[in-house]
Amino acid sequence: METIIIKINNQEQDLELLEKAGKVLQDGGLVAFPTETVYGIGANALDPKAIVKIYEAKGRPSDNPLIVHIAKEADLEKYVTSVSPAARKLIEAFWPGPLTLVFEKQDCIPMETSGRLSTVAIRMPAHEIARKIIELSGVPVAAPSANVSGRPSPTQAKHVIEDLSGRVDMIVDGGDAEIGLESTVLDVTGHIPMILRPGGVTKEMLEAIVGEVEIDPAILNHQEVKVHLTPKAPGMKYKHYAPKGKMTVVVGDEDKVREFISTNAMKSLEAGRRVGIIATAHHIEFFEAALKDKNVMIQNIGREHHAKEIASNLFKVLRLMDEHKMEEIYTFDFSTEHIGMATMNRLMKAAGNNVVNVNE
Ligand code: TXA
Ligand code: MG
């Protein structure tokens, strides 16, 4: 399939291009487009044939449900059976934005979209280009992240082109995704809302609006997931976001972590392997000095304590590791404050929970 790539600089001037994207969706095609979280690969959520194409293009397991994206709040009622007062308050506070809500679904949402669940996940994105395309398509748009299944989610159009060129009808380039991590997924079907996937809207932010919020226990303790607990969001059980190299998260006292990483990086180098290091700005000079003139890729993920900056760079850095064919990747762990919880959730998954604690 030939993929048309269009670049949107200015929404008003480029309206015709956006109309084309909307038309492709309306006609049952696939369009990748930017959102404020990550790029998505969209199709008409009401058309099973179009939805099947998404699963094929991504190589995604068919039991993993899709998020339905809408352009205006009034559309919600068409797809869900009821909206609780708590859900209403959350919508008022966080839509449009990086919060996906899980409701009981209406029959018009096909099983292909909901992964055979009785529920459906709905989100109204804040990104103007995303909302415009959805509005112009005239249909609700199911859109998972626009990566091949298992790879880091795309935060730039070039990531989408790498993964999906030839597999989708159109890719809309609208610049970098600002947040860089996927939306928070919150189940509002029960008595107490439950976070199924952490994201840009944090537990504290949700609790400020509706009081108590739970977190799916299966996503908290990564060791336990393998043994007992199955996450409630089907997508959270798969290995995900992983770069191709073997990744190790090194935790413990800062000095010991530095020591461990530089010593092991040297060993790996001597064994002829390609090595990458991921650290905050604050550690970069240390590694540049410790590994001077060595062929090690040292990646700055952002400033220490700047949780948003670190979150927005994570997937880009993971993809860079692949681009440079790194075989071994060492990374610090990062603060779990605010969006940091989502960052660490993705980082641990990317590393397949491979953690070394240098204090032990
Ligand atoms: O930020 C985002 O949410 C991006 C952009 C494109 O909007 N989309 C995204 O979609 O991350 P995806 O398909 O990569 O992840 C959707 C997650 C998966 O973990 C899936 O299992 C979960 O949401 N999910 C979807 N519908 C669900 C449902 N009815 N119940 C529980 N989990 C659900
Ligand atoms: Mg995804």
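One-based numbering, in listed order, for ligands and for the atoms of each. Computed from a predicted structure; not experimentally measured.
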Considering only protein heavy atoms, which is closest to [atom], and at what distance to one decimal place?
{"atom": "atom 17 (C) of ligand 1", "value": "R197 NH1, 3.6 Å"}
{"atom": "atom 27 (C) of ligand 1", "value": "P65 CG, 3.4 Å"}
{"atom": "atom 6 (C) of ligand 1", "value": "G40 CA, 3.5 Å"}
{"atom": "atom 20 (C) of ligand 1", "value": "N64 OD1, 3.2 Å"}

Item checked: Non-hydrogen atoms of L136 and Q26 that approach each other most closely -> O-NE2, 4.3 Å
Taking distance alone, with no angle check, do [X] and ligand 1 share an N/O pair under 3.5 Å?
{"X": "G235", "result": "yes"}
{"X": "T35", "result": "no"}
{"X": "E182", "result": "no"}
{"X": "K58", "result": "no"}

Margin query: Could you work out, for atom 9 (C) of ligand 1, the closest of S145, A146, S183 by heavy-atom distance?
Written below: S145
Notebook entry, point to check: Nearest heavy atom to atom 10 (O) of ligand 1: which of A233, P144, A130 does it belong to?
Noted result: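 Among A233, P144, A130, the closest heavy atom to atom 10 (O) of ligand 1 belongs to P144.
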Check: Which atoms from ligand 1 have a heavy atom of T119 less than 4.0 Å away?
Finding: 28 (C), 29 (N), 30 (N)
Would you call [X] and [Y] a salt bridge, taking side-chain N to carboxylate O under 4.0 Å as the test?
{"X": "R88", "Y": "E73", "result": "yes"}
{"X": "E135", "Y": "K132", "result": "yes"}
{"X": "E207", "Y": "K203", "result": "yes"}

Between [X] and [Y]: side-chain donor-acceptor atoms closer than 3.5 Å:
{"X": "R346", "Y": "S153", "answer": "no"}
{"X": "T35", "Y": "R123", "answer": "yes"}
{"X": "N9", "Y": "D14", "answer": "no"}
{"X": "E304", "Y": "T280", "answer": "yes"}
{"X": "S312", "Y": "E178", "answer": "no"}

Checklist line | Aromatic contact, F332 with H283 (centres under 6.0 Å) | finding: yes
Check: Looking only at heavy atoms, is any part of R123 under 4.0 Å from ligand 1, and if so is it the side chain, the backbone, or both, or is it neither?
Finding: side chain
Heavy-atom gap [X] to ligand 1 smaller than 4.0 Å:
{"X": "A143", "value": "yes"}
{"X": "K105", "value": "no"}
{"X": "P125", "value": "no"}

Margin query: Under 2.8 Å from the Mg ion (ligand 2), can any N, O or S atom of S149 be found?
Written below: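 Checking the Mg ion (ligand 2) against S149, no N, O or S atom falls under 2.8 Å.
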